[in-house]
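Worth knowing before you read on, the calculation uses all heavy atoms, side chains too, and leaves out hydrogens, waters and symmetry mates. Numbered from 1 within each chain, the chains take letters A, B, ... in sequence-line order. Predicted, not measured: the structure shown is a model, and the values here were computed from it.
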Protein chains: 2
Amino acid sequence: MTDVAVYAGVSHQTVSRVLNDSPLVKEETRAKVLAAIELLGYRRNNAARMLATQRSGRIGMVSAHLILHGPSRIATAVQEAGHQAGYEVSLVSLPEFSADSLSRAVDRLLDEAVEALVVAVAHPAAREITRALRTPIPIVLAQGVVPGQSMAAGIDQVAGAVAATEHLLDLGHTHVAHVTGPLDWVEAGQRRDGWQLAHERRHLLPGPEVTGDWSPASGYAAGQRLVADPSVTAVFVANDDMALGVLRAFHEHGRRVPDDVSVVGFDDIPEAAYFWPPLTTVNQPFSLLGRRAMELTLQALEGESEAVATLLLPELRARASTGPAPS
Amino acid sequence: MTDVAVYAGVSHQTVSRVLNDSPLVKEETRAKVLAAIELLGYRRNNAARMLATQRSGRIGMVSAHLILHGPSRIATAVQEAGHQAGYEVSLVSLPEFSADSLSRAVDRLLDEAVEALVVAVAHPAAREITRALRTPIPIVLAQGVVPGQSMAAGIDQVAGAVAATEHLLDLGHTHVAHVTGPLDWVEAGQRRDGWQLAHERRHLLPGPEVTGDWSPASGYAAGQRLVADPSVTAVFVANDDMALGVLRAFHEHGRRVPDDVSVVGFDDIPEAAYFWPPLTTVNQPFSLLGRRAMELTLQALEGESEAVATLLLPELRARASTGPAPS
DNA sequence: ACGATTACTGTGAGCGCTCACATGCCTAGC
DNA sequence: GCTAGGCATGTGAGCGCTCACAGTAATCGT
């Protein structure tokens, strides 16, 4: 920086002003400085800047299972929203779901002097752990959100599951089976709750429940068990990947979809519309969620009072995999 | 840090030594310092450390289309390998494929003082742009790699495409149709080359070629065009997502897979084995690629001579979507 | 024509750490 | 008993930037 200053014939402070777009620098001087910067290939040293300003301009995000559709969409959306707000977003992904690995990830981010933390980990323990953190920075949850929680943005999983289940009940099915996700995920539990709630509201007994792990393979295994039960005419599967496995199991056993059995998924992955048959599913507004989470973060950063959780509404996408109950 | 030093009754330098695991500090003193750190909730200021050491311990990665399977797998693998080597990995994703957006992403990373750059962008221009960069840091390519290139790790797309095509020719098909990816992706071109090469080697004429954009929707559109051609008994599709669309188009037109027509995909996404029928496809060793790219990066960081590109071999996974040519 | 304002630019300290070096202490060797 | 050498610790400078403040020159009003 001194080099630039000398070359442009000004003081280091003037160079600093040019770099920070200060309005109090003469156009002519600015041009000289800019030219010197260009010529010398100068880049401002961010570490020094951070040290002097006591700010990092960085927001930390911790996420898990980035290979899955939902988490990866959320991470992308948060990152983009952060960039737009002029922040750098550091993403650390958890190798596994342990308290230990979470706190190591947070540690890592704290070392980078992040000014806020967005936690998108669907494990119920995530809430407690992050709450127990003794740091003054704002923490926003973007997954595994329960209603009424403060500083959190989520998608209403219960509402989505109710919509999916009701869609099937409306078609005349008397009960709906359910393939759950791993129940240590907040979302998996909430989708299961919604499925039960929809039955309760109509005074119906829910169909059988099988637990999966989000993977197509687990859906396939679940499907094979459901095939054995002839009373099952409708299945609500907790995500699209597992629904794919369920569809395959039904195909293999000659059960036609939707003639013999209807299937609904969750997530609306890009592939879902091209399954055979095209999958009725629940679309989640991930991009919106990312933006909302970032809004909350920025508000907190500006010292606004703690906002309450926002729950966004997912939306049913009816396709060919669901039809009236067989008579 | 001074606070800690005072509290522990030592000098700031001793605290620094404890923080850096220096062996020249007495066990007793170390314990005192550690206690003071714990009590005061002290965290070392990384910005100051970077400023003093002139090192950032950070590797930059630029990637595009993180929603797609391949790119996201590569990014995850690189990040993990970097962490294991004690580096922080900053990932910036490109909103689009322009030279401008690439150089902005690189700028962003250079601002963070990254010590090396991993570029995983499949666009041919990426190579030129990064090469033209006037920075002394090592740059490693992890996608869009052509053989013989230096400082790059890639997966041999041509070999994969040859394997896929030959698998079909071996089954007695006299020619294979091809659904390409967007041809401004290096990988899409290379898979197309491999498809042609396999035909040439057997002195056969390749079947029709349709261009897609990686999405299931584009695969579906391509499938509808291929259905119209009764001579098409085998299709090599440049990725699994498009293959899904192709399968659906065939289903809709009553063409049985694999009895009437065989389909091969590329990528081996987790869903592929559960398509209907299960999709024969080409598995790419993404995790290995990520590790390899990081190895190259670390070598370059240690000042080793420029290594030549590594090309990893993908592997055909034969499943039920391919069968003998109809007689 | 003078001080009061405005517009721009310069000065020096300090952010929190590590580096190179200086110092003090203890043990071993003769 | 004295010194050479190793171990443990302390000292001060400086990394590259921004902040608060102190100039200096040009402009204005009366």
Chemist: Salt bridge or not for B:Arg44 and A:Asp111, using N-O below 4.0 Å?
Modeler: no

Chemist: Can you tell me if B:Thr29 touches the phosphate of D:dT9, counting only side-chain N or O atoms and a distance under 4.0 Å to OP1 or OP2?
Modeler: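 Looking at the OP1 and OP2 atoms of D:dT9, one of them is under 4.0 Å from a side-chain N or O of B:Thr29.
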
Chemist: Output yes when at least one side-chain N/O atom of A:Thr14 is less than 4.0 Å from OP1 or OP2 of C:dG10, else no.
Modeler: yes

Chemist: Is it the case that more than 12 heavy atoms not belonging to B:Tyr7 sit under 6.0 Å from its OH atom?
Modeler: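 Check fails, neighbour count at 12 or below.
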
Chemist: Going by ring pair (Phe, Tyr, Trp, His ring centres under 6.0 Å), name the pairs with one or both residues in residues 61-80 of chain A, residues two or more places apart or in two chains.
Modeler: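 Only A:His65-A:Phe97, A:His65-A:Trp185, A:His69-A:Phe286 qualify under ring pair (Phe, Tyr, Trp, His ring centres under 6.0 Å).
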
Chemist: Using only heavy-atom distances, determine whether the side chains of B:Arg58 and B:Asn46 contain a donor-acceptor pair under 3.5 Å.
Modeler: no

Chemist: Tell me the interatomic distance from A:Leu24, atom CG, to D:dA25, atom C1', rounded to whole angstroms.
Modeler: 15 Å

Chemist: Can you tell me if B:Gln284 and B:Asp267 form a side-chain donor-acceptor pair at under 3.5 Å?
Modeler: yes

Chemist: Using a 4.0 Å heavy-atom cut-off, write out nucleotides 12-23 of chain D from 5' to 3' as B (base contacted by protein), S (sugar-phosphate only) or - (no contact).
Modeler: B--BBBBBB---

